[in-house]
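Got a structure for you, written out below as structure tokens; questions coming shortly.
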There are 2 protein chains.
Amino acid sequence: MRFQRPLLFAAFMLGTTLRGQQPNMMPLPAEIKPSEGRLVIDGSFHVGLTGYQEARLQRAADRFLVHLGAETGIPLADHLEGDALESDATKATLVVDCDHAGETVQSVKEDESYALEVGPKQARLTAPDPVGVMRGLATFLQLVDLDSKGFGVPAVAIHDRPRFQWRGLMIDVGRHWMPVDAIERNLDAMELLKLNVFHWHLSDDQGFRVESKVFPKLQEMGSDGHYYSQQQVKDVIAYARDRGIRVIPEFDMPGHSTAWFVGYPELASAPGPYSIERKWGILDACMNPANEKVYEFLDAFIGEMAALFPDEDFHVGGDEVNGVQWKASPEIQAFMQQHGIKSSAALQAYFSARVVGLVEKHGKRTVGWDEVLQPGVPTSVVVQSWRGQKSLAEAARQGYAGILSAGYYLDLMQPASRHYGVDPMEGATAGLTPEEQSRILGGEACLWSEYVTPQIIDAKIWPRMAAIAERLWSPQQTKEVDSMYARLARVSRLLDFVGLEHRSSYPLMLERLTDFKPIDNLRTFDEILEPVKGYSREEMRSYNSSSPLNRLVDATPAESDRAREFAKLVADWSAHKDEIKSELTMWRNDGDDVLPVLQGSALLEEDIPLAQDLAALAAAGLEALEYLESGKPAPQPWVTAQLALVDRTSKPRAELLIMIAKPIGNLIQAAKQ
Amino acid sequence: MRFQRPLLFAAFMLGTTLRGQQPNMMPLPAEIKPSEGRLVIDGSFHVGLTGYQEARLQRAADRFLVHLGAETGIPLADHLEGDALESDATKATLVVDCDHAGETVQSVKEDESYALEVGPKQARLTAPDPVGVMRGLATFLQLVDLDSKGFGVPAVAIHDRPRFQWRGLMIDVGRHWMPVDAIERNLDAMELLKLNVFHWHLSDDQGFRVESKVFPKLQEMGSDGHYYSQQQVKDVIAYARDRGIRVIPEFDMPGHSTAWFVGYPELASAPGPYSIERKWGILDACMNPANEKVYEFLDAFIGEMAALFPDEDFHVGGDEVNGVQWKASPEIQAFMQQHGIKSSAALQAYFSARVVGLVEKHGKRTVGWDEVLQPGVPTSVVVQSWRGQKSLAEAARQGYAGILSAGYYLDLMQPASRHYGVDPMEGATAGLTPEEQSRILGGEACLWSEYVTPQIIDAKIWPRMAAIAERLWSPQQTKEVDSMYARLARVSRLLDFVGLEHRSSYPLMLERLTDFKPIDNLRTFDEILEPVKGYSREEMRSYNSSSPLNRLVDATPAESDRAREFAKLVADWSAHKDEIKSELTMWRNDGDDVLPVLQGSALLEEDIPLAQDLAALAAAGLEALEYLESGKPAPQPWVTAQLALVDRTSKPRAELLIMIAKPIGNLIQAAKQ
């Protein structure tokens, strides 16, 4: 069967429908007013900078021209010094007017607002400070399109400002190491989506990833040689600052700290020696809160890192302490008795309060995970909630500032729509007083990296991260899911042009699985699959840090656009019979055609049952369609048998799910009547 | 029409057929003997280094593990210091045994031979020096495949050495600037193909691309801000040396030198002021050979650059001097009369001899283009021939060493097979004496960059460069074109894993052309197109350094695999009627379906006639097939009309060629009988 690869038409039909109504933009701005005409973008395009000037603005303009040049193929950046930056700024195609300097060290107080007016002859971007300019430039890049006349931007007036001051992405480089270039290309993508906090999870049981000059055995013995030098850290911070992004380091303590103990076993609650952890999960190794030397060590260490990282916030983790080592230690038990500490939670609160004191001593505010919220911990701490709005609301009521991460865990392989539906100000937080609500600073997506390598990190974050970026920037009432997906498809492609590899890595992964044979059948097959959700992978197979992440489940995107579009067709089946039939015919054939590909590869063999099920499901769907077309209800025994098939094939195999099973079930249900 | 994207089956059918006979390797080795069994590659894979040790070898082993890890998805490089490098080298999966150090500065004398024995339990790589080890590691990476048991390498014994000592790639960064990362990823690709000379064309009329500390106005005024700092140059040289690649700088003189004159007009043969040239072509601006100050300048400049670039060879260009400024200058004419110099060619010879003297003074040997070969130029010069074997033979007879570049110009958009057919030792050079032949050092591919940007440079070089690499490394009798293409398809995919963007940039270029709409129809259309060949583009449209390179002709690969495979099917049409019909049906439909895509985009409108012709050609082919199937000869008027169509549609439009026109013509001819 060779004729098998139709267009991905549905996602784009939507896009086209919506294009007249909504701009090519993500996140949507606070206020937008379409106007008449179109600003042409051609080789004469110039940027002019007026008002307040600084080198960072100049670099932002240069970077903007590089990206606009990449997006259009017009060599705008080739002669930067000669042409593209107009000396008489008021004559430029895009006039940038910045009012004053921003903060020396960016914080939640930074003003990110801007106004962008695009007319047929000129565009004008005004912003109070450089970060606002960057936000406006990101908007401009997204508005560019190509029509039958050429590249241009439709005339528009935008007044924009973020809803939340904290819009972050956490990347865990402890469990799997991520090199600087992987971090930097994600910072580029963050800038395009107006995100402003990069939370760098730098230590965990599996690795300590920063050079310490005071305690060099941390990285020398705790990192397998994979750590950032202090110079690299400074470079990343400068790179982020250039993009209006704060860098908040996290050193997780007292748990998740095995990697520290390889070089410094005396910090632990149980005697060493320790080696770098290869397993995943919540482990026993934990710092010793009863040992005064631990605080001396942390004092010096936090002092060194507080000087390296300029941000006002300093994350000390605090999550998932199981207390096993504490309970097993007579010394620690004695310490608790002596100080009237009744539980492990209370002991952690004692530890947290001490650490908060050290962080404050070195001029910083502490951020910690939910668990730090214990009696005795000062309200100066910012709580990062992985538990949900309820614990966030509780923190706000007690006087703590907080950010929401529950609902934004990208590693759980949930669809963009699910993250999009989570709002920091809904649920338990909706009932807070305005003063309490003002303590909720925003949200942060998290990428824990058990199943992430540098090869696939971009695809594990993007494009879904863009939906979270919109949730955190755009007005609360921005909730239209179809519109979000249409704009997400476009911005996902645009992200290619700032250097992300979330789309280009995919065919490579498939080709590796087929020993470089053609991947068309495999791609058609994989297009309707999704990885299992939540924490199911770890229950299905034994994983550790040496496990290859090279199977189909590692290549498969978190979300099947095609299955989602198919479900929509089925929901309105009577208007889409031809498209449904064509899709089902393709899948029925592909289920057979992909088999030889799967059989030839040791890595793909496990997916054979899924292909067989795909063929069976598609055949059942075609039969259902025949009943529907005939106008006669399907016989009950047939319905029962097919629904059993749907039920069986809805279960995961090889850690993958067939996402068209449910819509085919709906088609069968429809055929019953 | 939705069912339209069949497999790229034919190229891979070939691959499969050949796989039993020939290894996955390019270039093919001097000697290869298949053996019994298979070495498994899994997480326990270790490299062990024995014999001579140096840091460069260690880095080569680390890089090998990174690439092997990328190619297999097995985390071999995650714990480099912990696991993957075995301390007891003899127990490693791959034992590397290096005998002694290589040259301090690599030259044509470097021994690049190696032996690789792969058995079912262990592989052993032995080489006299580190560069030989690198060549063997590149071989190992290519031998890896995936079968139903897992990743592995089939047992084999290889004894290998290069046929030519000089196997190069020239990249012109003068006409279009190429940033360091574009250079470095091409050096990675060169290593995988065992190439050993990177010739860096660093100055031309359109740009001077290196920082000079002695004459800073060269880069400050002559580069639009796009130049390499001396530190970046050192980094690239170190990067190349790590990969067994020499870096030879070229500073083109006395012509192609406008960019020098922007800062230093006194070097020119006509008064200034000068500005950076935006036009392409052979221009008048030329250094003044009659001005002694020019030689003083060059003495200091060559001295500075000779210290920066450690290679023994130093390229001074010397091509395409039109003599216009010389003839117009009374001062230069007087100088010629005074010194008995009769022609511009003789004046250039005088200049060349002086420059060769300066280069030698600074301890280097001179390389120059064909034109330097003039009476009076010392035979110590190496001649790079862009004119062909005849001028190369002439040079060798006169005692000059030489390398061949004629036939290896990648920017001319010729198919790999054409470059593959060019041999430095065939044609005029075949008749040389052994001593004369020994002066022919090898060859060098050239990428002149009028139509090249950093976005598309990889696709303009690869995969075709690999065919030239094989020509220059493998034994002369390695000539089987089908085998070359089958192995080329595989190595092209493998190059993705060392970081090349030659394949991943393609869908981006197409999506940009469609304003991010679906590209399936466009891709099917574009798959049978090729850019016009040779220097035709400049005759068809006016180009300069500000021209956007964002049209379909810029995205379209130099070579249509699909059209080549179709031509093969047609050559044996009676055995392939079904495949031919299926291809033609697809194209007939695609010619219609792609029209709305082309009509909506200002950049694609010019391609509409090509799409209409594709539909008409495919329809003619289908009719021809009907005649052939019917067994009745096609009527003459029909044949005449269709051949006229073929003739008309074989002509370029929008700088593109429809590559299936000729095979369809053959099908029509066949239907005549």
Side-chain angles (χ1 to χ4, degrees), chain A residues 2-9 12 43 70-75 78-82 145-151 176-177 224-226 276 453 455 489-490 493-494 496-497 504 507-509 511-513 515-518 520-521 545-550 554 582 586 599-603 605, chain B residues 2-9 12 43 70-75 78-82 145-151 176-177 224-226 276 453 455 489-490 493-494 496-497 503-504 508-509 511-513 515-518 520-521 545-550 554 582 586 599-603 605:
Chain A
R2 299 173 55 223
F3 291 127
Q4 57 142 23
R5 195 154 173 79
L7 301 178
L8 251 174
F9 60 99
F12 279 95
E71 188 184 347
T72 60
I74 301 169
D78 278 20
H79 316 139
L80 279 186
E81 300 188 2
D145 65 14
L146 171 67
D147 68 10
S148 61
K149 300 250 174 64
F151 288 102
H176 273 106
W177 160 250
D224 294 305
H226 288 310
I276 295 175
T453 67
Q455 247 177 0
R490 188 178 174 94
R493 283 155 181 78
L494 188 57
D496 279 333
F497 287 94
S504 62
L508 269 67
M509 302 277 293
E511 284 175 348
R512 184 167 68 194
L513 285 163
D515 192 40
F516 300 131
K517 289 185 201 74
D520 298 64
N521 285 109
S545 66
S546 299
S547 305
L549 298 177
N550 60 0
D554 300 302
S582 143
M586 180 188 65
Q599 283 154 351
S601 159
L603 296 175
E605 270 176 356
Chain B
R2 298 173 56 222
F3 290 127
Q4 57 143 21
R5 195 155 173 77
L7 302 178
L8 252 172
F9 60 97
F12 278 95
E71 188 186 346
T72 59
I74 301 169
D78 279 20
H79 317 137
L80 279 186
E81 299 189 3
D145 64 14
L146 171 66
D147 67 10
S148 61
K149 300 252 174 62
F151 288 102
H176 274 106
W177 160 251
D224 294 303
H226 288 310
I276 296 174
T453 68
Q455 246 176 1
R490 187 179 174 95
R493 283 154 181 80
L494 188 58
D496 279 334
F497 287 94
R503 297 174 70 228
S504 62
L508 269 68
M509 303 277 294
E511 284 175 348
R512 183 166 70 194
L513 285 164
D515 192 40
F516 301 131
K517 290 184 201 72
D520 299 63
N521 285 110
S545 67
S546 300
S547 306
L549 298 177
N550 60 2
D554 300 301
S582 142
M586 179 187 67
Q599 282 154 352
S601 159
L603 295 175
E605 269 175 359

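Per chain, numbering begins at 1; letters A, B, ... match sequence-line order.
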* Find the distance between CZ (B/F497) and CZ (A/F516) and round it off to the nearest 0.5 Å. =>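 So the gap between those two atoms works out to 5.0 Å.
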* **A/L508, part contacting chain B, at a heavy-atom distance under 4.5 Å** =>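 Interface part for A/L508: both.
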* Part of A/S547 within contact of chain B (heavy atom distance under 4.5 Å) ->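 Just the backbone, heavy atoms under 4.5 Å.
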* Would you mind telling me which of B/S504, B/G150, B/A70 has the largest number of heavy-atom pairs within less than 4.5 Å of chain A? =>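 Going by pairs under 4.5 Å, I would pick B/A70.
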* Asked: Between A/L494, A/I276, A/L549, A/T453, which residue shows the highest count of heavy-atom pairs closer than 4.5 Å to chain B?
  ->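 Of the options given, most contacts go to A/L494.
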* Asked: When rounded to the nearest 0.5 angstrom, what is the spacing between CD in A/E71 and CD in B/E511?
  ->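 Reported to 0.5 Å precision, the distance equals 12.5 Å.
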* Indicate yes or no for a side-chain donor-acceptor contact from A/R493 to the backbone of B/D515 under 3.5 Å, with no hydrogens or angles considered. =>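 No, A/R493 side chain to B/D515 backbone: no donor-acceptor pair under 3.5 Å.
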* Under 4.5 Å from any heavy atom of chain B - which part of A/L513 ->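 Backbone only.
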* To do: Working to the nearest 0.5 Å, report the span between CE of A/M509 and CG of A/L603.
  =>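 Going from CE on A/M509 over to CG on A/L603, the span is 10.0 Å.
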* Hey, can you tell me if A/W177 and A/H226 have their rings parallel, tilted or perpendicular (30° and 60° cut-offs)? =>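 Rings of A/W177 and A/H226: parallel, as their planes differ by under 30°.
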